[in-house]
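Notes for the one structure printed next.
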Amino acid sequence: MQKFYITTPIYYVNDKPHIGHAYTTVAADVLARWHRIRGDEVFFLTGTDEHGEKISEAARKNSTTPKEFVDSVVKKYIDTWKILQISNDDFIRTSQERHEKAVAEFIKRMDKSGDIYKGEYEGWYCTPDETFVTETQLKDGKCPFCGREVRRIKEESYFFRMSGYRDRLLELYKSNPSFLSPDFRSEEILNRINAGLKDLSITRTAVSWGIPFPLDTKHTIYVWVEALINYISALGLGTEKFSAFWPADVHLVGKEINWFHSVIWPAMLMSAGFDIPDMVFAHGWWTIEGTKMSKSLGNAVDPVEMSRKYSSDAFRYFLLREMPLGQDGDFSERAMKARINSELASEMGNLLHRTISIAEKYDGKIRGRPELDKTLNISEIDRKVCTLDTFGALEEIWRFVKEANKYVNQKEPWHLEGEELSEVLCNLLEACRVISILIYPFMPSTSSEMAKQLSCTEKPELKNCSFRNEAPRPKKGSLLFKKYE
RNA sequence: AGCGAGGUAGGGUAGCCUGGAGUGCCCGCCGGGCUCAUAACCCGGAGAUCGGUGGUUCAAAUCCACCCCUCGCUACCA
């Protein structure tokens, strides 16, 4: 049995989740569920990032404490994941003690390697925003976020000697090309590393809502550095779980935080003496109705609302069907309705419905030689999901759904009777049963509703995807999907 | 500015790495078939100077150069 450890980033809890958070988490959930049905031992982690100045600020605005504030937002995340049927095995919060402990241990190990030194961080600082701004971010010499004046300040800080890891990082990328995924991202990273790798400031003195720096408690640890360690603290250092699952197989992240995961994180791991994860996969972004999603436009898509309106299965399906992981895509309710109506209702839902309708008119035993399975390539679908091509996998599955519909038209079972009819029915029912297994990771509720109507009591497992010579008598239930507008 | 991604019928995509008749898919449109089914399903058709220019080649959507348009990243805002 293979193990499979997959993570989402931990989300910064200054606001409720939007489509971007939902996308990463749903995609990770699909991968986790797929690996479960193929029989792998899966650990699927998500969680929340709860420290930093932005949080204290948000708490102040809501006239509450940071702790109370994050608790309330974290609840929204947990509720959302429940609605989206996220099957995470654990939920890590950076405010948890287990995390603080692991972080302290991790930092000490980095220090033992001689990679941490005390220095001075100098940069442009925007006082009202309480944030550092890089030279390249400046807009006309002013703060790019609020447009106000910035000033040059110096701050005592501890640094991580990341610059020393350049060669080892390049060696890592060379020996494991899939570490930087999808492949077109690797050039981006390589170019930037070749342009020079700087040491990283890893502590702050001005941020009080954070984890104390174990070597000097006047400082707190820079949130990003601390946040990355969640992937280890969730397993627990020195635990059985840790030896079973570390290193992670896939860190699924958004492209905007690729640098942290593809460069800073492996350098930190090397310094602390841990094995390096197998893959960092950077997925793309959604635009909303053709425009960028932004707070000022107020066009953020609420995953809870979408799930309520269209069912979480349909929402999940759309997220993975509309664009390949890694690419950018556009979200619109119009496009979602179109996919629901044609692919989910007309093609797949109707296939089940018409199949069962025909079957209910036949009262003999349903058995027959498999023939429709010739058009199905399970190992190809499996290969695609395992290389994170969930888009291609769904294409392949839908090709088979279409084949099954074609088969009905060709065989015209309403003109058949006796053994001939039995054989066609057996093929169709088996096709539906296999489809119900294949869509399970994408649409768990629909999958089990299908299985129920097909009188199939087994748990979905990939090894049950070969056609059988006999099918149980199905029982018509409610429509899987109804159409919109 | 640097780096990266994308520009293929009315819309959306795949193909590009490993050149070989514009080849495929989805939506929409037109015509036909079927009647089991959610006005569903199946078959056929119309529709494209494959962003532009130049080059390599017997042959370019595919390789090379330059240009135009859109989007993203540029390290301490997660």
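We name chains A, B, ... by the order of the sequence lines, and we start the count at 1 in each one.
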Any A:H415 side-chain N or O less than 4.0 Å from OP1/OP2 of B:U35: yes
Value in whole Å for how far the P atom of B:C73 lies from CZ of A:F260: 12 Å
Touch class at under 4.0 angstrom, heavy-atom based, for A:F481 against every strand present: base
Between B:C63 and B:G7 - P atom distance, rounded Å: 12 Å
Salt bridge present between A:K67 and A:D71 (N-O < 4.0 angstrom): yes
Separation of the P atoms in B:U13 and B:G51, to the nearest angstrom: 13 Å
B:C27 OP1/OP2 closer than 4.0 Å to side-chain N/O of A:K337: no
A:E419 CD: over 12 foreign heavy atoms closer than 6.0 Å: no
Rounded interatomic separation in angstrom, taking CD from A:E347 and P from B:C41: 6 Å
Pairing nucleotide - B:G6, Watson-Crick or G-U, each distance under 3.5 Å: B:C69
Pairwise P distance, B:C29 and B:C16 [rounded to whole Å]: 31 Å
Nearest-Å distance for atom pair CZ/P, residues A:R399 and B:C42: 14 Å
Complement of B:A61, any strand, by Watson-Crick or G-U distances under 3.5 angstrom: none
A:R354 side chain, from C-beta outward: closest of B:A37, B:U38, B:A75: B:A37
Contact under 4.0 Å: A:K255 side-chain N or O vs B:A5 OP1/OP2: no
For B:C25, the Watson-Crick or wobble counterpart (both distances under 3.5 Å): B:G12
Identity of whatever pairs with B:G31 - Watson-Crick or G-U, under 3.5 angstrom: B:C43
NZ/NE/NH1/NH2 to OD/OE distance under 4.0 Å, A:K337 and A:E333: no
Distance in angstrom units between A:D199 CG and B:A75 P, rounded: 16 Å
Nearest-angstrom distance, C1' atom, B:G19 to B:G10: 30 Å
Identified pairing partner of B:U38, criterion: Watson-Crick or G-U wobble below 3.5 Å: none
Partner nucleotide of B:G19 by Watson-Crick or wobble geometry (both distances under 3.5 Å): none
Integer-rounded Å distance: B:A14 P and A:F391 CZ: 6 Å
Earlier contact from the 5' end, RNA chain B, for A:L480 and A:V263: A:L480
Whole-Å distance separating the CG atom of A:N405 from the P atom of B:C25: 16 Å
A:T355 vs A:R192, nearer the 5' end of RNA chain B by closest nucleotide: A:T355
Minimum-distance nucleotide to A:E343 side chain [options: B:C26, B:C73, B:U35]: B:C26
Who pairs with B:U56 - Watson-Crick or G-U, where each distance is under 3.5 Å: none
Between A:Y165 and A:F160, ring centroids under 6.0 Å: yes
B:A48 - base-pair partner by Watson-Crick or wobble geometry, distances under 3.5 Å: none
Beyond-backbone contact of A:I55 with A:Y12, side-chain heavy atoms, under 4.5 angstrom: yes
Minimum-distance nucleotide (side-chain atoms of A:K483 versus B:A37, B:U38, B:C42): B:U38
Touch class at under 4.0 angstrom, heavy-atom based, for A:S201 against every strand present: base
Nucleotide B:G11, atom C1' - distance to CE of A:M336 in whole Å: 19 Å
Lys/Arg N to Asp/Glu carboxylate O, A:E57 vs A:R60, below 4.0 Å: no
Sugar-phosphate only, base, or nothing, as touched by A:K411 at under 4.0 Å among non-hydrogen atoms: nothing
Sugar-phosphate only, base, or nothing, as touched by A:K361 at under 4.0 Å among non-hydrogen atoms: sugar-phosphate
Check: A:N350 side chain, B:A40 base, donor-acceptor under 3.5 Å: no
Sidechain N-carboxylate O distance under 4.0 Å for A:K411, A:E371: yes
Closest to side chain of A:L200, choosing from B:A75, B:C42, B:C36: B:A75
Qualifying residue for salt bridge (charged side-chain N to carboxylate O under 4.0 Å, His left out) with A:K402, from A:E347, A:E396, A:E395: A:E347
B:C43 phosphate, OP1 or OP2, under 4.0 Å from A:K406 side-chain N/O: yes
Length of the line joining A:R321:CZ and B:C25:P, which is rounded to integer Å: 13 Å
Which nucleotide in B:A75, B:U38, B:A40 has an atom nearest any side-chain atom of A:S346: B:A40
